[in-house]
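We use all heavy atoms of the structure for the numbers below, so side chains are in, but hydrogens, waters and symmetry mates are not. All residue numbers in this chain count up from 1 along the given sequence.
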Amino acid sequence: MSATPARRILAVVTLLALLVLSACTAGPALHVRRIATDQPAPAASPAAPSTSPSPTTKPAPGSLDWYVSQVPTFPEAPPPQPVSLPATGAAQFWHRLPTDQKVAFITIDDGGLARPPEVADFIWRAHIPVTMFLNSPAAEEHDVYFRQIMVAGGVVENHTITHTSLAGWSYDRQRHEICGAADKLEALFGKRPTLFRPPFGEHDATTLRAAHDCGAKAVFHWTETVHEGKVRYQTPEKVIQPGDVLLMHFRPALMDDLLAALKAIHRAGLTPALLEDYVR
């Protein structure tokens, strides 16, 4: 073989070696570009959890969240034991439901004066069982409001048409007030009232007979009133007893009244319950 072909072969071998070396050094750079252009970038590593607690924002006093945060934790209500009703031609009258179970009952009257807008949400979030004794004109005018409370767990009952003292009236006049309201409430809400509260608590034997004839099983007075966030006791014990009935009204301070009632019931070692579960 001559020198010239040998040199050519050596030159080709050297060139090939350089190309291989160039490819080996360029490979990683090409690989990085493929990740950047052809594949999604990997997610960043999560930050390590903080060892110090994050600050919590306390609800503003007077807000719905604040009211909910103030509600005490109650023991679970016992399975209700309904009371016995006498088989007479008159509705039973009670100041306090005759039960030894550790429960008390929240009732709200009227409906025409004021309707705080957050009441339904408060009742829903705090799981407050309430009975509403409504005047039928207010119920008709503000039926959407009271439906919202019903959805939250409230029940509508009867408080006459005109909110007038019934004691001393004739049977026909009392029956008109009670039955007329019951008819309207049934038409509005799809359920006939079975409980009745006479305005101002004033009643006579005729009231109990007319209430019975209009579909009421029982007529209720009360054992405590709640107004502007203060519980006013009607008995010397100054503590809520099992079966007590707390009265409040649809007034501007109803949120405060509900909260005060719940705290008083809790202090007494009782649990709020639904009145209708005990009178069937």
Side-chain angles (χ1 to χ4, degrees), residues 71-72 74-75 77-78 80-86 90-111 119 123 126-135 149 153-160 163 165-167 193-205 207-208 211 216-251 253-280:
V71 174
F74 294 94
Q81 298 175 357
V83 298
S84 299
L85 294 167
Q92 180 66 49
F93 175 80
W94 283 308
H95 287 271
R96 168 190 288 135
L97 189 81
T99 181
D100 294 328
Q101 293 194 289
K102 292 186 175 182
V103 293
F105 306 100
I106 295 175
T107 65
I108 316 173
D109 279 14
D110 299 351
V119 163
I123 290 171
H127 309 290
I128 309 172
V130 300
T131 298
M132 300 177 282
F133 288 99
L134 300 180
N135 302 123
I149 298 178
V155 179
V156 170
E157 300 292 359
N158 191 349
H159 199 42
T160 73
H163 200 273
S165 175
L166 300 179
T194 58
L195 306 180
F196 174 65
R197 173 170 283 150
F200 317 107
E202 297 173 354
H203 68 285
D204 56 20
T207 309
L208 303 183
K217 298 177 180 178
V219 175
F220 277 94
H221 202 267
W222 53 86
T223 40
E224 290 84 23
T225 62
V226 193
H227 180 53
E228 294 184 344
K230 183 177 180 180
V231 177
R232 293 169 169 82
Y233 296 90
Q234 312 293 303
T235 56
E237 296 92 349
K238 304 298 181 184
V239 63
I240 297 176
Q241 303 290 331
D244 274 8
V245 178
L246 289 83
L247 164 67
M248 60 195 72
H249 293 81
F250 284 99
R251 291 174 176 164
L254 180 54
M255 298 282 282
D256 296 313
D257 295 344
L258 287 166
L259 184 58
L262 292 171
K263 289 183 175 181
I265 292 171
H266 184 263
R267 285 195 301 270
L270 306 178
T271 299
L274 189 64
L275 196 55
E276 285 75 7
D277 287 342
Y278 286 77
V279 185
R280 297 177 182 171

Discussion item. Evaluate Phe220 against Thr107 for side-chain contact (heavy atoms from CB on, under 4.5 Å), listing each step before the verdict.
Written reply: CA-CA 10 Å; Phe220 277 94; Thr107 65; over 6 Å; no
Worksheet item: Would Asp244 and Glu224 satisfy side-chain contact (heavy atoms from CB on, under 4.5 Å), going step by step from the backbone distance to the final call?
Response: CA-CA 8 Å; Asp244 274 8; Glu224 290 84 23; 2.6 Å; yes
Worksheet entry | Audit row: Trp94, Val279, side-chain contact (heavy atoms from CB on, under 4.5 Å) steps and yes/no | CA-CA 11 Å; Trp94 283 308; Val279 185; 4.2 Å; yes
Item to complete: Go through His249 and Leu254 one step at a time and tell me if the side-chain contact (heavy atoms from CB on, under 4.5 Å) criterion holds.
Response: CA-CA 7 Å; His249 293 81; Leu254 180 54; over 6 Å; no
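Remark: the His227 side chain and the Arg232 side chain contain no N/O donor-acceptor pair separated by less than 3.5 Å.
Using a 4.5 Å heavy-atom cutoff, the side chains of Pro80 and Arg280 are in contact. The side-chain heavy atoms of Phe196 and Thr160, taken from C-beta on, include a pair separated by under 4.5 Å. No side-chain heavy atom of Phe250 sits under 4.5 Å from any side-chain heavy atom of Met248. Side-chain contact check for Lys102 versus Pro78: every heavy-atom pair is 4.5 Å or farther apart. Asp100 places none of its side-chain heavy atoms less than 4.5 Å from the side chain of Pro242. The shortest distance between side-chain heavy atoms of Asn135 and His159 falls below 4.5 Å. Taking the side chain as every heavy atom from C-beta outward, His221 and Val245 never approach each other to under 4.5 Å. Put simply, the side chain of Ile128 does not reach to within 4.5 Å of the side chain of Val71, judged on heavy atoms.
For an aromatic pair to be called close, the ring centres must be under 6.0 Å apart, and Phe105 with Tyr278 satisfies this.
Applying the side chain to side chain contact (heavy atoms under 4.5 Å, CB included) test between Phe133 and each of Val155, Leu195, Leu247 identifies Leu195 as the sole match.
Atom CD1 of Ile123 and atom CE of Met255 lie 9.0 Å apart (nearest 0.5 Å). For the atom pair Ile265 CD1 and Leu262 CG, the distance stands at 6.0 Å (nearest 0.5 Å). Put simply, CD1 on Ile108 and CZ on Arg251 are 12.0 Å apart, with the number rounded to the nearest 0.5 Å. For the atom pair CD of Gln241 and CZ of Arg96, the computed distance is 5.5 Å after rounding to the nearest 0.5 Å. Rounding to the nearest 0.5 angstrom, the gap separating the CG atom in Asp257 from the CG atom in Leu246 is 10.5 Å. Distance check: Thr207 OG1 to Leu166 CG gives 5.0 Å after rounding to the nearest 0.5 Å.
Here the closest non-hydrogen pair linking Pro75 and Thr271 is O-OG1, 2.8 Å. Nearest heavy-atom pair across Ala264 and Ile240 is CB-CD1, 3.6 Å. Taking all atoms of both residues into account, the shortest heavy-atom contact from Gly229 to Ala260 is O-CB, 3.3 Å. For the pair Pro86 and Gln92, the tightest heavy-atom approach, listed with the atom from each and the gap, is CG-OE1, 3.1 Å. Nearest heavy atoms, Leu274 versus Gly153: CD1-O, 4.4 Å.
Under the 4.0 Å criterion applied to side-chain N and carboxylate O atoms, Asp109 and Arg197 are assigned as salt-bridge partners.
Between the side chain of Glu157 and the main chain of Thr194, a donor-acceptor pair closer than 3.5 Å is present.
Aromatic ring orientation, Phe200 versus His163: perpendicular (interplanar angle above 60°, classes split at 30° and 60°).
Within 6.0 Å of atom CD in Glu237, more than 12 heavy atoms from other residues, nucleotides or ligands are found, so the atom counts as buried in its surroundings.
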